[in-house]
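This report refers to the structure that appears directly beneath it.
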Amino acid sequence: MRIVVSIPNRGSAIAVKEAAWGLPCYAAISQTFEVAQKVWSEVFFYLAENNVFFKGIVLKPSMVTPGAQSKDRTTPQQVTD
């Protein structure tokens, strides 16, 4: 799950609240493949319910990388292992 809150525009209160609540909840429940599969199934259900044009979305697989400010750098191979 990725949520972008525009810093220059200060983000809306609801966007900040959703990011603050949604990201930790998603992290807590998506620790296993079975749970991740349930999450993605539910996400696609609600994408369809909201008439999202599937060909217009970009999916990123789950991965963990060092933060933008981190001095640690990883190679693509390290991220995918």
Side-chain angles (χ1 to χ4, degrees):
M1 174 178 228
R2 180 173 182 216
I3 298 174
V4 177
V5 177
S6 177
I7 301 298
N9 295 331
R10 296 195 173 102
S12 68
I14 191 72
V16 171
K17 193 170 292 278
E18 284 298 314
W21 175 253
L23 291 173
C25 287
Y26 178 77
I29 63 173
S30 63
Q31 299 296 309
T32 67
F33 174 75
E34 293 82 14
V35 174
Q37 190 173 26
K38 289 177 186 178
V39 169
W40 281 110
S41 176
E42 195 81 358
V43 166
F44 274 92
F45 173 80
Y46 285 108
L47 287 170
E49 285 289 302
N50 286 280
N51 300 312
V52 172
F53 180 61
F54 282 11
K55 290 184 179 183
I57 63 175
V58 176
L59 296 178
K60 290 179 69 175
S62 299
M63 64 180 164
V64 177
T65 62
Q69 302 302 319
S70 175
K71 293 179 182 175
D72 296 330
R73 294 292 167 228
T74 57
T75 65
Q77 182 65 37
Q78 290 171 308
V79 171
T80 60
D81 285 347

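All residue numbers refer to positions in the sequence shown, counting from 1. Predicted, not measured: the structure shown is a model, and the values here were computed from it.
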(message) Checking F45 now: which residues fulfil ring-ring contact (aromatic ring centres under 6.0 Å, His included) with it, not counting sequence neighbours?
(response) none
(message) I57: which residues meet the side chain to side chain contact (heavy atoms under 4.5 Å, CB included) condition with it, sequence neighbours left out?
(response) F44, L47, V52, L59
(message) Does atom OH (Y46) have a neighbourhood of more than 12 heavy atoms from anything else shown, all under 6.0 Å?
(response) no
(message) Starting from F54, can I reach W40 by hopping between I/L/V/M/F/W/Y residues whose side chains sit under 4.5 Å apart?
(response) yes
